[in-house]
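The structure appears below as structure tokens.
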Protein chains: 2
Amino acid sequence: MKGTNIGELEELVLLVVANLFDNAYGIGVKQEIEEKCNRSITISTVHNVLQRLQEKDYLESRYSDPAPERGGKRKLLFRVTPSGQSALENSRSMRESLWKTIPKVAFER
Amino acid sequence: MKGTNIGELEELVLLVVANLFDNAYGIGVKQEIEEKCNRSITISTVHNVLQRLQEKDYLESRYSDPAPERGGKRKLLFRVTPSGQSALENSRSMRESLWKTIPKVAFER
DNA sequence: TATATTTTTCGTAATTGTCGAAAAAAGGTT
DNA sequence: AACCTTTTTTCGACAATTACGAAAAATATA
């Protein structure tokens with residue numbers, strides 16, 4: 001079922017957009033993922049995911065004014081929607097409840 | 001990069017296997033996902049993921065004795081490996097640390 | 001042997017994850 | 001103006017994961 005589920009990378013990007021708040025555009029997200037998550041990712045991948053999340057209504061976007069710097073093109077800034085917030089909260093609480101009921105023996109050797 | 005990441009469904013199945021501990025075989029996992037997670041999934045999908053997780057060394061398996069019931073075929077029982085446990089703990093702590101730093105404004109309207 | 005039941009394996013299609021290269025937009029150079 | 005450099009987004013393609021239906025295997029019972 002398309003659009004109803006949320007993939008692993010999609011969830012990560014959603015969390016990073018929430019963190020960056022008003023600097024959440026492609027390159028900002030890429031850098032945050034590489035620094036905070038110690039995971040390499042290309043800018044194309046980030047943009048692809050951002051766009052898909054917007055189509056799923058988990059993100060919304062607007063253009064910033066162009067920055068007065070060399071190459072300072074306008075940025076496409078993203079923000080988590082209420083649906084996006086719910087999706088995040090749902091996966092979090094689902095996983096937490098599963099963690100809580102794991103019997104100790106499951107991880108004994 | 002194949003085998004290095006862990007998908008959303010893979011993580012869920014890993015958590016469910018840990019929960020079921022010594023009843024973690026295909027159908028048990030399917031039922032647990034449908035009941036606890038309120039998510040429908042076919043048995044083929046579950047088996048596919050179980051197998052891939054074993055190839056990634058996040059699960060190990062052994063055959064049970066056949067059950068003395070009509071159709072009681074031997075079950076392929078799964079168990080989370082130390083690598084699997086690490087993978088689970090890593091994604092959990094990564095996400096938790098991202099949750100902690102989300103500014104309040106990010107979810108304000 | 002034939003049938004019904006439980007479980008796993010196989011083949012295939014849709015969605016998600018991934019990247020390289022091209023296109024756009026802006027400021028600086030000549 | 002014409003050209004180059006930088007920042008950023010868009011496009012096109014392919015790989016990995018997610019998802020099913022149908023077939024095969026193994027077992028008990030008739």
Side-chain angles (χ1 to χ4, degrees), chain A residues 1-14 16-17 20 23-34 37 39-56 58-59 61-78 87 91, chain B residues 1-14 16-17 20 23-34 37 39-56 58-59 61-78 87 91:
Chain A
M1 14 171 165
K2 181 171 184 176
T4 57
N5 269 6
I6 184 179
E8 174 270 333
L9 180 58
E10 289 177 335
E11 187 170 355
L12 181 64
V13 168
L14 226 37
V16 168
V17 167
L20 291 175
N23 196 37
Y25 74 111
I27 302 202
V29 171
K30 169 185 159 70
Q31 286 170 350
E32 189 81 352
I33 288 180
E34 297 194 319
C37 309
R39 165 176 179 164
S40 78
I41 189 170
T42 65
I43 185 60
S44 322
T45 299
V46 172
H47 274 118
N48 184 349
V49 175
L50 287 170
Q51 192 175 313
R52 216 160 29 218
L53 284 171
Q54 182 161 11
E55 281 159 10
K56 291 183 178 182
Y58 292 155
L59 288 179
S61 69
R62 66 193 163 84
Y63 279 108
S64 74
D65 291 332
E69 310 161 358
R70 188 186 186 89
K73 196 181 164 183
R74 67 189 183 171
K75 298 170 169 53
L76 188 54
L77 296 172
F78 289 88
S91 8
Chain B
M1 10 164 168
K2 182 172 183 175
T4 58
N5 269 7
I6 183 178
E8 176 270 334
L9 179 59
E10 290 177 334
E11 186 171 355
L12 181 63
V13 168
L14 228 36
V16 168
V17 167
L20 291 174
N23 196 38
Y25 74 111
I27 302 203
V29 170
K30 168 184 161 69
Q31 287 170 349
E32 189 81 352
I33 288 180
E34 298 195 318
C37 309
R39 165 176 179 166
S40 78
I41 189 172
T42 65
I43 185 60
S44 320
T45 300
V46 172
H47 274 118
N48 184 342
V49 175
L50 287 170
Q51 191 176 313
R52 187 149 18 85
L53 284 170
Q54 181 161 12
E55 280 158 13
K56 290 182 177 183
Y58 291 154
L59 287 179
S61 69
R62 65 191 163 86
Y63 279 108
S64 73
D65 290 331
E69 309 161 1
R70 187 184 185 89
K73 195 178 164 185
R74 66 188 184 175
K75 299 169 168 54
L76 188 54
L77 296 172
F78 290 88
S91 11

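In what follows, every chain begins at residue 1, and chains take the letters A, B, ... in the order their sequences are listed.
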So do [Y] and [X] actually touch side chain to side chain, heavy atoms under 4.5 Å?
X	Y	result
Thr45(A)	Leu9(A)	yes
Arg39(B)	Asn5(A)	yes
Val29(A)	Ile41(A)	no

Below 4.0 angstrom from OP1 or OP2 of [N], is there any side-chain N or O of [X]?
X	N	value
Thr45(A)	dG17(C)	no
Lys30(B)	dT7(C)	no
Tyr25(A)	dT9(D)	no
Lys56(A)	dT16(C)	yes
His47(B)	dT8(C)	yes
Lys75(B)	dT7(C)	yes

Consider the side chain of [X], meaning its heavy atoms from C-beta on, and name the nucleotide among [options] that approaches it most closely.
X	options	answer
Tyr63(B)	dA25(C), dT9(C), dC20(D)	dT9(C)
Ser44(A)	dT9(D), dT10(D), dT16(C)	dT10(D)
Arg52(A)	dA26(C), dT9(C), dT16(C)	dT16(C)
Glu10(A)	dC19(C), dT16(C), dT9(D)	dT16(C)
Leu76(B)	dT9(C), dT17(D), dA26(C)	dT9(C)

Provide, to the nearest angstrom, the distance between the [atom1] atom belonging to [X] and the [atom2] atom belonging to [N].
X	N	atom1	atom2	value
Leu59(A)	dT9(D)	CG	P	13 Å
Ile41(B)	dG21(D)	CD1	P	12 Å
Ile43(B)	dG21(D)	CD1	C1'	13 Å
Asn23(B)	dT7(C)	CG	C1'	13 Å
Leu9(A)	dA15(D)	CG	P	19 Å
Asp65(A)	dT8(D)	CG	C1'	15 Å
Phe78(A)	dT9(D)	CZ	C1'	9 Å
Glu55(B)	dT9(C)	CD	P	11 Å

Residues which pass side chain to side chain donor-acceptor pair (under 3.5 Å) with [X], listed by chain and number, not counting sequence neighbours:
X	value
Ser61(B)	Gln54(B)
Lys30(A)	Glu34(A)
Ser44(B)	none

Q: Please tell me which of Ile6(A) and Arg74(A) maps to the more 5' nucleotide of DNA chain C, matching each residue to the nucleotide holding its nearest heavy atom.
A: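 Final value for this comparison: Ile6(A).
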Q | 5' priority, DNA chain C, between Pro68(A) and Asn48(B) [closest heavy atom] | A |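 Whichever sits nearer the 5' end wins; that is Asn48(B).
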Q | Axial bend angle, the helix from dT1(C)-dA30(D) to dT30(C)-dA1(D): five-pair end segments, nearest 10° | A |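 Its terminal axes enclose an angle near 20°.
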Q. Can you name the side chain to side chain contact (heavy atoms under 4.5 Å, CB included) partners of Ser91(A), sequence neighbours left out?
A.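 Ile6(A), Glu11(A), Arg95(A).
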Q: Apply side chain to side chain contact (heavy atoms under 4.5 Å, CB included) to Gln51(B) and list each qualifying residue two or more places apart in sequence or on a separate chain.
A: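 Here the qualifying residues are Glu55(B).
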Q) Does a distance-only test, which skips hydrogens and angles, find a donor-acceptor pair under 3.5 Å between the side chain of Lys73(B) and the base of dT6(C)? A)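 Counting by modelled atom types and ignoring angles, no donor-acceptor contact under 3.5 Å is found here.
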Q.
Considering every strand and a 4.0 Å limit on heavy-atom distances, what is the contact class for Glu8(A): base, sugar-phosphate, or nothing?
A.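 Sugar-phosphate contact only.
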